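For reference, the structure discussed in these notes is given below.
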Protein chains: 2
Amino acid sequence: MVRKSETSGRLDDAARAGWLYYVAGRTQDEIASSMGISRQSAQRLVSLAVAERLIKVRLDHPIAACLELANAVRKKFNLKHVEVVPSDPGSSSTTVGIAEAAAAEIERWLKRADPIVLAVGTGRTLKAAVDQLPAIECPNHRIVSLTGNIAPDGSAAYYNVIFSMADAVKARHFPMPLPVLVTSAEERETLHGQQLVRSTLEISAQADVTFVGIGELGIDGPLCVDGFLEKDEMMELMRNGAVGEICGWVFDGEGKLLDNPINERVASASIPSRESSTVIGIGKGKRKFKAIKAAVTGHQINALITDEDTAEYLLRP
Amino acid sequence: MVRKSETSGRLDDAARAGWLYYVAGRTQDEIASSMGISRQSAQRLVSLAVAERLIKVRLDHPIAACLELANAVRKKFNLKHVEVVPSDPGSSSTTVGIAEAAAAEIERWLKRADPIVLAVGTGRTLKAAVDQLPAIECPNHRIVSLTGNIAPDGSAAYYNVIFSMADAVKARHFPMPLPVLVTSAEERETLHGQQLVRSTLEISAQADVTFVGIGELGIDGPLCVDGFLEKDEMMELMRNGAVGEICGWVFDGEGKLLDNPINERVASASIPSRESSTVIGIGKGKRKFKAIKAAVTGHQINALITDEDTAEYLLRP
DNA sequence: TTTGCTCATGGGCAATTACTCGCCTATGGG
DNA sequence: CCCATAGGCGAGTAATTGCCCATGAGCAAA
């Protein structure tokens, strides 16, 4: 309880209050008196600790139903790894649960002693997952982004997750100084020829593990919402059979990349090898059902973190 | 929502309820209706999940380590209160951190509305703590010194902290007009018989809370440095197993007061009851390791403010 | 079959926690 | 130097949670 006028002192207090509340199991009243503050202030500190994500909760129990689903999905689609978290029927969030699970999985990889290359894609789900990461130091690992960090308007794209990740994880990180979509195949060639981009692309090809979000198409899908594609381009894509995308790479209902002008303009790195590395897709929710099914069917990914409802959908004949 | 009547199903349900509660952040009411059970049952499942340690809470903040250490030390030595501040590896100061923490703790006591008696010992650490105190007015409280304020040469002892404290804190304060060590047990009896000293001693015995420094022995220890003991007296003490002192009261490795001529010459008040009051020791640093361990082992103190390194030492088997 | 035991259940109530409001105090720009 | 703003604080209040108790089902032993 060192008194400090700095802002960080408040976070320290929040951490202390959160610890006393969640770990030591004291009531907020007790915390208040032990810290010499009012009950309300103690409550504020506790909720601050939660809001600042100082408090991490995880569940250490394989829920039988989830395990069975995971196993079934893994076998049906011949995947390396499948994780299924409980569905929350009352929530419309597309990230709750799987974000935590994905964060735990990322953490597991980052804690390995041997140096790895970890690649990340983009998307809201992945962003939510990365926001759950605790501070880790792993100078041996390299973290590389598969997708560009420049939005269509030239600004830094919010949903490029590598920067959020760099905040929490002390490791060398390699962003991709490119837009997600460029105007033509030729421009892509030019950009990919740049030394800086080339080396990042080379690193991404060596990825040991890759985490990617799975995006659905449609005018409400991320590609449109974030302004990468116009409405009519999207409609055109869907007419051609596209059902989902990963890092901008658009694929059809079988999970095969579309032979389409759009894919020629994707500036992202290729999705790393599903033969020699682990590519973990993260996603859940009705709107993504088809995209996820296509991604696992076509082996665009070889591992999956999703929820019960989605797993059940995947198992339907 | 697969329901199972088997026993293992209950733990599964607990896990699910715990997940919905802690990870998804739903209320127990919502969980109840989504699982088709009563709120009470949902509550039971959640608390079962906690009781079965299915739910793991983690605090992602440097201070977490301190709190865990503090808890462990508190349990191991059966103390009322332990506070651990981060160690500063780059600093050789014996007070940085714990002085601020101790000041905050003192302030917390002084802010209480009901009148208390606060006793203080002596020492550089305590002095540093008191120097951190802000100005407070608390006419209801009484502050009493356990140790004399007269140095061996007859001057006012610098490290008698009650005067520094009086500068910052407006309260009635009671110094002890005595040396720390007198020449004989008889002289102590005489001095303690004086009316002024007697009343101070009586107040000190009523202390609600006491703050004391913990001194190490050795020719570099405070008793020698401040001239209370000669080198050969110190050597003699250490041969007899003494490892530390509080207010001049010398104790051995078990924290038991030594049956030694020196202790018969200590003019300080007795350390107030560890049964009925809080006696907070303040100290850190390698040189004090043994003294602090002895003090907590022998319950010369029942509360401790220290740093991480020292706490780790205390926890070693 | 009865008895005694365990354990889950739901109701009700007290304790605890979360949220909202208005006030106050720093902070920073004009 | 003054005003505007942000953010913390305390009080009050609503919501949520924890706990006790009476009940009844399931089950084993008498």
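Order of the sequence lines fixes the chain letters, A, B, ..., with proteins taken first and strands second; residue numbering starts at 1 for each chain. No experiment lies behind these values; they were computed from the predicted model shown.
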side-chain N/O A/Ser41 vs D/dG8 OP1/OP2, d < 4.0 Å: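 No, no such contact exists.
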
Distance below 4.0 Å between A/Tyr21 side-chain N/O and C/dT16 OP1 or OP2: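 Looking at the OP1 and OP2 atoms of C/dT16, neither is under 4.0 Å from any side-chain N or O of A/Tyr21.
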
Check: B/Gln40 side chain, D/dG18 base, donor-acceptor under 3.5 Å: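 Not at all, since no donor on one side and acceptor on the other fall under 3.5 Å apart.
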
Check: A/Arg16 and B/Leu67 side chains under 4.5 Å, non-hydrogen atoms: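 SC-SC contact between B/Leu67 and A/Arg16 confirmed.
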
Angle between terminal axes - the helix from C/dT1-D/dA30 to C/dG30-D/dC1, 5 pairs each end, rounded to 10°: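 About 30°, once rounded to a multiple of 10°.
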
CZ/B/Arg58: more than 12 non-hydrogen atoms of other groups inside 6.0 Å: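 For B/Arg58, atom CZ is crowded (more than 12 foreign heavy atoms under 6.0 Å).
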
Plane angle bin for A/Phe289 and A/Tyr313 - parallel if under 30°, tilted between 30 and 60°, otherwise perpendicular: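 It falls in the parallel class, under 30°.
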
Spacing between B/Asp29 atom CG and C/dA18 atom P, to the nearest angstrom: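 My rounded result for the distance is 16 Å.
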
Upstream residue (5' side of DNA chain C) when A/Ser47 and B/Ser38 are each assigned their closest nucleotide: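 Its nearest nucleotide lies further toward 5', so the answer is B/Ser38.
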
Letter per nucleotide, 5' to 3', of nucleotides 20-25 of chain C [B base touched, S only sugar-phosphate touched, - untouched; heavy atoms, 4.0 Å]: B-----

Option among B/Ile214, B/Thr278, B/Ile282, B/Ile280 that satisfies the side chain to side chain contact (heavy atoms under 4.5 Å, CB included) test with B/Ile301: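 With B/Ile301 as partner, side chain to side chain contact (heavy atoms under 4.5 Å, CB included) holds for just one option, B/Ile214.
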
Side chain to side chain donor-acceptor pair (under 3.5 Å) evaluation trace for B/Asp167 with B/Ser164: CA-CA 5 Å; B/Asp167 289 341; B/Ser164 311; 5.4 Å; no

